[in-house]
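We use all heavy atoms of the structure for the numbers below, so side chains are in, but hydrogens, waters and symmetry mates are not. What you see is a predicted model; the values in this text were computed from it and never measured.
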Amino acid sequence: MNAGEIAVASAALDDVFSDDIVVPAADGYPLAATLFLPRGTRRQAVLINSATAVPRKVYRGFAGYLARRGAAVLTYDYRGTGGSRPMAATGLNKPKSLAGFKATMADWAALDATAAVSWMRERYRSLPFAYVGHSFGGQALGLLANNAEIPRALLIASQAAYWKLMASPERYRVVAFMTGVGLPLARTLGYLPAWAGLGMDLPRGAFEQWRSWVMRERYLLDDATLTARENFPKFKGKLRALVMTDDTWATRPAVELLCSAFTSITPEIISIRPADAGAKAIGHLGFFRSDHRDALWRGAAEWIEAEG
């Protein structure tokens with residue numbers, strides 16, 4: 001993933017306070033985060049949970065938009081990614097190599113996302129709270145031990161990413177990359193380097209677990225070692241899942257499969273065509289482009305802010 005592919009333009013934040021902070025994970029690991037606050041009355045609290053290999057800065061525009069509407073919004077990086085990776089002992093702001101760094105995607109949910117939810121709930125306990133999950137961020141919702149504390153969740157391009165549920169020919173490219181390129185590199189170097197194609201270094205454990213899920217017919221729902229699967233039915237809030245019809249990763253069947261695991265509720269699944277947003281393409285990342293402010297962000301914000 002490169003800057004051209006993301007093409008996310010940050011919205012102007014002149015009328016919003018934003019501050020880079022550190023949020024401790026459940027085990028105390030420091031997570032780099034950014035808190036966005038409205039200059040006026042705070043009416044909502046929102047946590048934005050990132051996709052795999054996507055830094056929190058990608059969500060800056062959307063977070064600022066929500067803050068201007070009165071929300072206190074937190075974005076953060078999972079351990080071993082973005083600003084939440086260890087720094088070298090020497091050199092100004094130089095990240096340390098991820099070789100030997102221990103982290104899995106299950107850790108991102110159990111230790112990082114769980115703590116971020118608790119941090120927001122404790123800090124803004126008097127405000128209505130909403131969870132926004134992009135791709136893995138939405139998958140993580142079902143794994144959280146404290147997801148019963150979340151009254152409303154908006155999932156954006158979140159799916160059970162079994163490779164055969166991806167659009168063709170993308171599915172074959174993904175399998176070839178993960179098995180023929182990613183896995184040998186991760187095992188040789190001790191991590192998956194950004195230059196392999198994802199645009200961000202990933203801890204070896206996170207990549208290997210991700211690959212194992214992609215190869216399973218029901219993705220993480222088929223992983224018998226993932227005991228946190230039992231938390232899916234604990235979520236009883238409102239859930240809306242957005243499907244971009246040109247998204248080759250989070251296809252409608254893949255989104256439906258993930259949503260089927262939330263057995264205590266009936267998730268609302270909405271398909272969005274690029275034409276609905278007056279765009280030629282949206283894809284897996286495009287929702288967060290600032291030029292979709294009026295076409296996509298407004299509806300999402302109104303649903304997040306709704307009561308009941």
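- For the residue pair Gly133 and Ser158, the shortest heavy atom distance occurs at O-OG, 3.2 Å.
- Panel note: side chain Tyr78, backbone Ser50; a donor-acceptor pair is recorded below 3.5 Å.
- Of the possible donor and acceptor atoms, none in the side chain of Asp222 sits under 3.5 Å from a partner among the backbone N and O of Arg216.
- Phe129 has its side chain within reach of Arg121: a pair of non-hydrogen atoms, C-beta onward, lies under 4.5 Å apart.
- With hydrogens and angles ignored, the 3.5 Å screen pairs no side-chain donor or acceptor of Tyr59 with any backbone N or O of Gly64.
- Looking at heavy atoms from C-beta onward, Leu226 lies out of side-chain contact with Leu221 at the 4.5 angstrom threshold.
- Cation-pi geometry between Arg39 and Phe17 is met: under 6.0 angstrom from the ring centre, within 45 degrees of the axis.
- Ring geometry for Tyr65 against Phe62 counts as parallel: the plane angle stays under 30°, on a 0 to 90° scale with 60° as the upper cut.
- One N or O on the side chain of Trp108 and one on the backbone of Arg79 form a donor-acceptor pair closer than 3.5 Å.
- What you find for His292 and Ala279 is that their closest heavy atoms are CE1-CB, 3.6 Å.
- When all heavy atoms are compared, the tightest approach of Ala32 to Arg56 is CB-NH1, 3.5 Å.
- Side-chain N or O atoms of Ser84 include one that pairs as donor or acceptor with a backbone N or O of Asp77 at under 3.5 Å.
- Considering only heavy atoms from C-beta on, Thr245 stays 4.5 Å or farther from Ile272 through its side chain.
- Met120 and Ile21 fall within the same hydrophobic cluster, defined by Ile, Leu, Val, Met, Phe, Trp and Tyr side-chain heavy atoms under 4.5 Å apart, directly or through other members.
- Remark: the Thr34 side chain and the Asp19 side chain contain no N/O donor-acceptor pair separated by less than 3.5 Å.
- The shortest distance between side-chain heavy atoms of Leu155 and Leu242 does not fall below 4.5 Å.
- Under the ring pair (Phe, Tyr, Trp, His ring centres under 6.0 Å) criterion, no residue pair touches residues 174-201, with sequence neighbours excluded.
- Closest approach of Arg229 to Ala224, counting heavy atoms only: NH2-CA, 3.5 Å.
- Between atom CG of residue Leu257 and atom CG of residue Leu220 there is a gap of 9.0 Å, rounded to the nearest 0.5 Å.
- With hydrophobic clusters built from ILVMFWY side chains whose heavy atoms lie under 4.5 angstrom apart, Ile269 does not share a cluster with Ile282.
- Hydrophobic cluster membership is shared by Leu141 and Ile265, with clusters built from Ile, Leu, Val, Met, Phe, Trp and Tyr side chains linked at under 4.5 angstrom.
- By the 6.0 Å contact criterion, CD on Glu217 is open, its count of non-hydrogen atoms from other residues, nucleotides or ligands being 12 or less.
- Two residues are said to be in side-chain contact when any heavy atoms from C-beta on lie closer than 4.5 Å; Leu127 and Gln44 fail this criterion.
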query = Could you go step by step and tell me if Asn146 and Ser118 meet the side-chain contact (heavy atoms from CB on, under 4.5 Å) rule?
reply = CA-CA 8 Å; Asn146 60 351; Ser118 295; 3.1 Å; yes
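- Between Phe288 and His134, the distance from one ring center to the other falls under 6.0 angstrom.
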Checking side-chain contact (heavy atoms from CB on, under 4.5 Å) for the pair Val46/Glu305: CA distance, chi angles, key distance, verdict? CA-CA 10 Å; Val46 179; Glu305 296 160 1; over 6 Å; no
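- Across every non-hydrogen atom of Val23 and Ala33, the tightest pair is CG2-CB, 3.9 Å.
- Leu202 and Leu111 fall into different hydrophobic clusters, where Ile, Leu, Val, Met, Phe, Trp and Tyr side chains are chained together by heavy-atom contacts under 4.5 Å.
- Minimum heavy-atom separation, Leu154 to Ala300: CD2-CB, 3.7 Å.
- Without hydrogens or angle criteria, Thr248 side chain to Ala167 main chain gives no donor-acceptor distance under 3.5 Å.
- A donor-acceptor contact shorter than 3.5 Å is absent between the side chain of Asn49 and the backbone of Gly137.
- For Phe232 and Phe262, the ring centers sit closer than 6.0 Å to each other.
- When side chains are defined from C-beta on, Asp107 does not count as touching Asp112, because their heavy atoms never get closer than 4.5 Å.
- Seen from the ring of Trp303, Arg152 counts as a face-on cation partner, given the 6.0 Å and 45° thresholds.
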Quick one: do Thr75 and Arg60 satisfy side-chain contact (heavy atoms from CB on, under 4.5 Å)? Show the steps, please.
CA-CA 8 Å; Thr75 62; Arg60 182 175 179 84; over 6 Å; no
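- In this structure, Asp246 contributes its side chain and Gly283 its backbone to a donor-acceptor pair below 3.5 Å.
- Note that CD of Glu149 and CD of Glu122 are 8.5 Å apart. Values are rounded to the nearest 0.5 Å.
- Criterion: ILVMFWY side-chain heavy atoms under 4.5 Å apart, direct or through other members. Under it, Leu189 and Leu98 are part of a common hydrophobic cluster.
- The CG atom of Leu66 lies 5.0 Å from the CD1 atom of Ile304; values are rounded to the nearest 0.5 Å.
- Side-chain contact between Thr251 and Glu170 is absent, with no heavy atoms from C-beta onward closer than 4.5 Å.
- The closest donor-acceptor contact from the side chain of Gln209 to the backbone of Met105 lies under 3.5 Å.
- Residues Glu208 and Met178 are not in side-chain contact: their nearest non-hydrogen atoms beyond the backbone lie 4.5 Å or more apart.
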- Message: Walk me through whether Gln159 and Trp249 qualify under side-chain contact (heavy atoms from CB on, under 4.5 Å).
- Response: CA-CA 8 Å; Gln159 80 287 39; Trp249 279 63; 3.8 Å; yes
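- Rounding to the nearest 0.5 Å gives a distance of 8.0 Å between OG1 of Thr227 and CG of Asn231.
- In this structure, Arg240 contributes its side chain and Glu268 its backbone to no donor-acceptor pair below 3.5 Å.
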